[in-house]
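Notes to accompany the following structure.
These values consider heavy atoms only, across backbone and side chains, with no hydrogens, waters or symmetry-generated copies. All of these numbers come straight from a predicted model, not from anything done at the bench. So you know, we letter chains A, B, ... as the sequences are listed, proteins then strands, and number each from 1.
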There are 2 protein chains.
Amino acid sequence: MRIGELSRRTGVPVPTIKYYVREGLLPPGELTSPNQATYDEKHERRLRLIRTLLDVGGLKVAEISEVLAAIDDPERSLHKVFGATAEGFGTAHSEHDDAESVAAHAVVADLVSRRGWRAHASDPAAADLSKALAALDRLGHGAFVDVLDAYADAAEQVARADLEYVDRQVVVEDMVEAVAIGTVLGEAVFSALRRLAHVDASAKLYGADGPPGGDCPRT
Amino acid sequence: MRIGELSRRTGVPVPTIKYYVREGLLPPGELTSPNQATYDEKHERRLRLIRTLLDVGGLKVAEISEVLAAIDDPERSLHKVFGATAEGFGTAHSEHDDAESVAAHAVVADLVSRRGWRAHASDPAAADLSKALAALDRLGHGAFVDVLDAYADAAEQVARADLEYVDRQVVVEDMVEAVAIGTVLGEAVFSALRRLAHVDASAKLYGADGPPGGDCPRT
DNA sequence: GATAGCGGATAGCGCCACTATCTAATTGGC
DNA sequence: GCCAATTAGATAGTGGCGCTATCCGCTATC
């Protein structure tokens, strides 16, 4: 298959494919001549994965590059792929040392130890959690920590489902890819489900029957 | 308070504050002279909210504008604020009509009806869910729907916790804001918790003790 | 009255994900 | 063999976004 057909099959413009190759997201085609190359189904699959991580997962090109590098490196364990994929979501960069951050850090440390989670407080996910909790605190929603355990229960349940799904894969390469896809797309899936559940709960409370205080939707 | 102090208190540069006012995110200060204005704690609170939705929530300025408009409009119900906030996350724009999309749509419709959720298939959250499931299908992970119910259980649990937290607010304005903050930051919190749970599960499987097949982490 | 700060307006910057254009070479239908 | 279509590779440009820099005339404060 040449680049034109790869483009036609995936709907990705040819210049964009070239751009992905330049950025190291997609391996170059195998050269049959100094200026001719062929691509196979692996390229097509990888290209679809890239577009999905971009469009659905919302990852940036540089983050996708890291995730794919973790997938491709045979030396890296599933553990590392989890880590690299998780870091694809990382938003925490530099942290303040104010009162809210310190308190949030303590809450996270307590939660991790109480749950017996094998994760360090230095983990990027823990840093993100601290950051979010500190932000909530600063906005006057420090009481949000009261629902943290309900959140953690749900998170554990989702993580169990994820692990079970990954474990279902037969080939090891598929497992590695399933970790990345499951982590990123699972996020999108859960987010949508949560919003659907919100809509439902909100509809049941204030919806069609007897909204209190003129809260009736206009449309 | 003048703009300089507002900037000092929040750490947001003065030109950025002016930019937010231009974009309609922040109401202008009250003019005391043709070119002097004062700001109060409401501005400070709003500014912190904007920065949090940006930095932690990852929302775009235009999306924040919509969420804030929903918060400010007294005509809008909590229901609508939920909707507007949920749409802040919306990623779905145009959908294909291919086989995967149709199948995903059917799966979503089945799930909604099976759960008795009061949400239409036209809901943006449902569209996002369909999009994610279709993408999974295209990547050869159509079997992911097998864990959808575990995800939905967790989503319901989180939504219950969210509603309970919102219900805890005393003043109605606080409830409205709590919806927005809880939806956006709750997302970040859950995402971090899920990644922490992944790290834990992965550590227990392949971590310190006996990783199978040379999977041992190098560092 | 000097200095610092202000509101308001306009223009520019840096990043990012592409996209356009060019050259020289190759393919494939006739 | 011929020639339009396509290709690899390289370089430059585009559009959107979240700011950021600069300027002007005015105001607060010491």
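Put simply, the side chain of B:Thr10 gets close to the backbone of B:Leu6: a donor and an acceptor are under 3.5 Å apart.
Sorted by first then second residue, the salt bridge (Lys or Arg N to Asp or Glu O under 4.0 Å) pairs that include residues 4-13 of chain B, not counting sequence neighbours, are B:Glu5-B:Arg9, B:Arg9-B:Glu44. Within the structure, the side chain to side chain donor-acceptor pair (under 3.5 Å) test picks out the following pairs touching residues 170-184 of chain A (sequence neighbours left out): A:Arg45-A:Glu177. Identified under the ring-ring contact (aromatic ring centres under 6.0 Å, His included) test for residues 4-37 of chain B, with sequence neighbours left out: none.
Between A:Tyr39 atom OH and D:dT6 atom P there is a gap of 16 Å when expressed in whole angstrom units. Whole-Å rounding puts the A:Glu23 CD to C:dC18 C1' distance at 10 Å. Atom pair A:Gln36:CD and C:dT23:P shows a separation of 19 Å (rounding to whole Å applied). The nearest whole Å value for the distance from the NZ atom in B:Lys60 to the P atom in D:dG18 is 7 Å. Between the CG atom of B:Leu25 and the C1' atom of D:dC17 there is a distance of 13 Å, rounded to whole Å. Spacing between atom CD1 of A:Ile50 and atom P of C:dC18 amounts to 10 Å, rounded to whole angstrom units. When the P atom of D:dG18 is taken as reference, atom CG of B:Leu59 falls 10 Å away, rounded to whole Å.
Between the side chain of A:Asn35 and the base of D:dA8, no donor-acceptor pair under 3.5 Å is found.
Shown here are the side chain to side chain donor-acceptor pair (under 3.5 Å) partners of A:Asp123, two or more places apart in sequence or in another chain: there are none. Listed by chain and residue number, A:Asp98, A:Ser101 satisfy the side chain to side chain donor-acceptor pair (under 3.5 Å) test with A:Arg138 (two or more places apart in sequence, or in another chain). Taking the ring pair (Phe, Tyr, Trp, His ring centres under 6.0 Å) definition, one finds that A:Tyr151 meets it with A:Phe144, sequence neighbours left out. Contacts of A:Ala154 classified as side-chain contact (heavy atoms from CB on, under 4.5 Å), with partners at least two apart in sequence or in another chain: B:Ala154, B:Gln157, B:Val158, B:Phe190. Scored by the ring pair (Phe, Tyr, Trp, His ring centres under 6.0 Å) test, B:His105 finds no partners at all (sequence neighbours excluded).
Considering only side-chain N and O atoms, A:Ser33 lies nowhere under 4.0 angstrom from the phosphate OP1 or OP2 of D:dT7.
We find that B:Arg195 and B:Asp200 are not joined by a salt bridge, their nearest charged nitrogen and carboxylate oxygen being 4.0 Å or further apart.
Listed in residue order, the members of residues 1-11 of chain A having a heavy atom less than 4.0 Å from DNA chain D are A:Arg2, A:Ile3, A:Gly4.
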Contacts table for residues 26-40 of chain A: side-chain donor-acceptor under 3.5 angstrom, sequence neighbours left out:
unit_1  : atom_1 : unit_2  : atom_2 : d
A:Gln36 : OE1    : A:Arg2  : NH1    : 3.0
A:Asp40 : OD1    : A:Lys42 : N      : 3.1
A:Asp40 : OD1    : A:His43 : N      : 3.2
A:Asp40 : OD1    : A:His43 : ND1    : 2.9

Under 3.5 Å between N/O atoms: give me all the protein pairs with nucleotides 19-22 of chain D, atom names plus distance.
unit_1 : atom_1 : unit_2  : atom_2 : d
D:dC19 : OP2    : B:Tyr20 : OH     : 2.9
D:dT20 : OP2    : B:Thr16 : OG1    : 3.3
D:dT20 : O4     : B:Arg22 : NH2    : 3.3

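Between the axis at the start and the axis at the end of the helix from C:dG1-D:dC30 to C:dC30-D:dG1 there is an angle of 0°, using five pairs per end and rounding to 10 degrees.
Residue-level contact check: B:Pro28 touches neither bases nor backbone, having no heavy atom under 4.0 Å from any strand.
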